[in-house]
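Sequence positions, counted from 1, serve as the residue numbers for this chain.
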Amino acid sequence: MPRTASGSAAAALMLGLGVLPASLARAQDLQSPTTALDAPEALFVPTPLTLGSATVEIGGAARLEYDSNIYAQAFGEKDDFRMLFRPYVELNRKGSAVAINARAEGDFRKYFKYDSEDAIGGKVAAGLNWTPSESDRLAAAASWQHIIEDRGEPEGNTLPSIGPRELNALDGDIAYTHQGAKIGFMLRGSASHFRYSKAIDSNRDLDNVGALARVMLRVSPLMSGFVEGFASKRDFRVTPLSGDFNRDSRTYGGRAGIAIDPGGTLRGEAAVGVYRFDPKDSRIAPRTRMSAQIGLTYAPQPRTAITLDGFVGNVATYRVGVQSREDMRFRLGVQQEIRHNLRGEVGLVYRRSKYFGTSLTEKIYGITGELEYALNRRVALAANARWSKRNSTGSLDDYDRTRVGVELRVHY
């Protein structure tokens with residue numbers, strides 16, 4: 001199934017605003033890097049159906065996968081095979097000034113032995129882009145998603161007696177961009193609403209709002225420098241019990257960076273700055289720390305792409321006794337079209353979660369790999385593997401996990 005950069009870019013921006021919970025923000029870390037190849041002779045590309053003035057793409061993927069440690073446990077690991085089925089339908093309509101996109105996808109998981117891990121998720125999303133002139137663009141998007149949390153997430157559920165943690169997420173954002181001959185600016189606002197399915201997880205329910213303002217200076221036809229300021233507000237739904245920390249907070253900060261757009265051999269953006277974490281609870285110390293966000297692609301030739309994605313910043317925490325949490329994550333990927341119908345990619349992942357108020361620090365190392373063989377424009381076979389290891393100052397949080405699978409991909 002083809003992947004585009006737009007979804008991951010939006011998630012990265014919302015993460016930079018501090019408006020994604022840890023389970024959602026981290027969910028993609030151990031997947032293969034976003035496909036960035038621009039090969040002119042690629043075989044497995046969609047051939048959408050025409051529906052009036054719109055196009056419709058229908059597809060899906062079915063994967064048989066072995067997981068060596070389904071509960072991500074430090075000891076007494078349980079392994080199992082599982083079937084994953086992810087169908088989708090996507091509609092696109094492009095006019096002279098307005099482009100509309102809508103997508104619905106499912107996520108069905110069936111385990112062979114441990115059926116308490118069976119789960120059903122899905123997502124419905126829609127977006128609109130209005131370009132009234134060459135200098136101005138207005139974009140709006142909204143989505144609903146039922147998320148199945150991965151057992152290996154920081155602060156994830158590792159109890160075999162309880163099924164995987166699930167939550168419903170509502171997201172929306174709107175952005176206006178103006179780009180003049182030299183000077184430009186962007187304004188963006190986001191809101192998110194997260195509700196967990198089980199009563200035992202109700203203390204994780206939260207709402208977020210965020211805003212970002214960016215000023216850009218065009219230094220060449222392909223590159224701009226920018227400075228940006230951001231702010232976010234995090235509100236947990238459940239009132240804390242007497243003696244517990246109030247985890248409501250505000251985060252604000254600024255970054256400076258470069259954006260290479262539309263780009264050529266090198267494209268994407270990178271920025272570094274600082275963020276200020278301002279908790280509502282007076283017992284939690286406010287902190288000023290480094291903020292960074294990177295999303296770069298280097299394509300020395302059309303059939304080769306090297307990607308680097310990274311983030312450093314504050315994220316929500318639910319762990320008892322912890323004051324706040326900072327995550328650092330980086331993912332380096334290499335993608336290669338070996339033949340016109342054979343594509344390969346490998347990725348390296350590093351993630352560090354630091355819990356303030358305690359001595360706890362967790363580090364995850366991962367390797368991903370995939371080979372995709374296109375039978376024709378509509379059908380492809382893939383083999384993929386993921387290995388991950390978590391080292392923690394808390395011994396019961398360590399784990400090793402290997403996942404290996406084969407996949408059938410279809411699109412029309």
Side-chain angles (χ1 to χ4, degrees), residues 4-20 25-26 28-29 33-34 36 135-139 141 173-190 208 210-232 250-277 287-300 305-315 326-333 347-352 354:
T4 64
S6 57
S8 58
L13 179 57
M14 295 183 72
L15 180 57
L17 292 175
V19 298
L20 290 184
R26 303 276 76 83
Q28 305 300 317
D29 273 358
T34 302
S135 303
D136 300 279
R137 183 174 71 253
L138 179 68
D173 69 272
I174 185 168
Y176 172 69
T177 303
H178 172 80
Q179 181 62 64
K182 283 289 186 180
I183 304 295
F185 65 88
M186 179 183 72
L187 301 173
R188 185 162 193 159
S190 301
N208 289 295
L212 181 145
R214 174 184 291 186
V215 177
M216 302 167 284
L217 174 65
R218 180 73 72 177
V219 296
S220 77
L222 299 180
M223 181 182 296
S224 296
F226 65 83
V227 293
E228 63 185 17
F230 58 89
S232 66
R250 290 178 172 86
T251 303
Y252 49 91
R255 291 184 289 252
I258 59 169
I260 306 168
D261 180 23
T265 301
L266 181 66
R267 59 187 184 268
E269 63 179 55
V272 66
V274 297
Y275 74 85
R276 175 71 172 178
F277 171 69
R287 290 181 173 84
T288 301
R289 304 273 296 179
M290 183 180 73
S291 171
Q293 195 164 304
I294 302 170
L296 294 172
T297 298
Y298 173 63
I306 301 171
T307 61
L308 175 64
D309 298 289
F311 165 81
V312 180
N314 177 266
V315 298
E326 179 186 85
D327 273 17
M328 173 190 293
R329 68 177 176 94
F330 291 97
R331 183 177 63 188
L332 176 66
L348 299 176
V349 175
Y350 170 77
R351 180 173 68 198
R352 185 211 65 191
K354 182 177 178 61

Quick check: do [X] and [Y] have side-chain heavy atoms less than 4.5 Å from each other?
X    : Y    : answer
V274 : S291 : no
I174 : R188 : no
M216 : T177 : yes
I306 : L332 : yes
M328 : Y350 : yes
V272 : V312 : no

Practice task
List the steps and the verdict of side-chain contact (heavy atoms from CB on, under 4.5 Å) for V215 and F226.
Solution key: CA-CA 6 Å; V215 177; F226 65 83; over 6 Å; no
Interatomic distance, [X] atom [atom1] to [Y] atom [atom2] [nearest 0.5 angstrom]:
X    : Y    : atom1 : atom2 : answer
M223 : D261 : CE    : CG    : 11.5 Å
L266 : I258 : CG    : CD1   : 7.0 Å
F277 : T288 : CZ    : OG1   : 11.5 Å

Practice task
Check the surroundings of atom CZ in R218: do more than 12 heavy atoms from other residues, nucleotides or ligands lie under 6.0 Å from it?
Solution key: yes
Problem - R250, CZ atom: more than 12 neighbouring heavy atoms under 6.0 Å - result: no
Handout entry: Electrostatic pair E326-R352, nearest N-O below 4.0 angstrom
Key = yes
Problem - Salt bridge flag under 4.0 Å for residues R214 and E269 - result: yes
[X] to [Y] - nearest heavy-atom pair and separation:
X    : Y    : answer
I183 : L217 : CD1-CD1, 3.4 Å
F230 : G254 : CE2-N, 3.6 Å
A270 : L296 : CB-CD1, 4.3 Å
Q179 : S224 : OE1-OG, 4.5 Å
S190 : D173 : OG-CB, 3.5 Å

Practice task
Please report the C-alpha distance between F330 and V349 in whole Å, then the side-chain angles of each, then the deciding distance to 0.1 Å, and finally whether the side-chain contact (heavy atoms from CB on, under 4.5 Å) criterion is met.
Solution key: CA-CA 6 Å; F330 291 97; V349 175; over 6 Å; no
Handout entry: Candidate pair K354 and R289, rule side-chain contact (heavy atoms from CB on, under 4.5 Å), full reasoning
Key = CA-CA 12 Å; K354 182 177 178 61; R289 304 273 296 179; 4.1 Å; yes
Practice task
State yes or no: are the ring centers of Y176 and F185 separated by less than 6.0 Å?
Solution key: yes
Problem - Criterion salt bridge (charged side-chain N to carboxylate O under 4.0 Å, His left out) against D309, the qualifying member of R331, R351, R329 - result: R331
Practice task
Any chance you could lay out the side-chain contact (heavy atoms from CB on, under 4.5 Å) test for R276 and R287, step after step, and finish with the verdict?
Solution key: CA-CA 6 Å; R276 175 71 172 178; R287 290 181 173 84; 5.8 Å; no
Practice task
Would you kindly say whether R267 and T297 are connected by a side-chain donor-acceptor distance under 3.5 Å?
Solution key: no
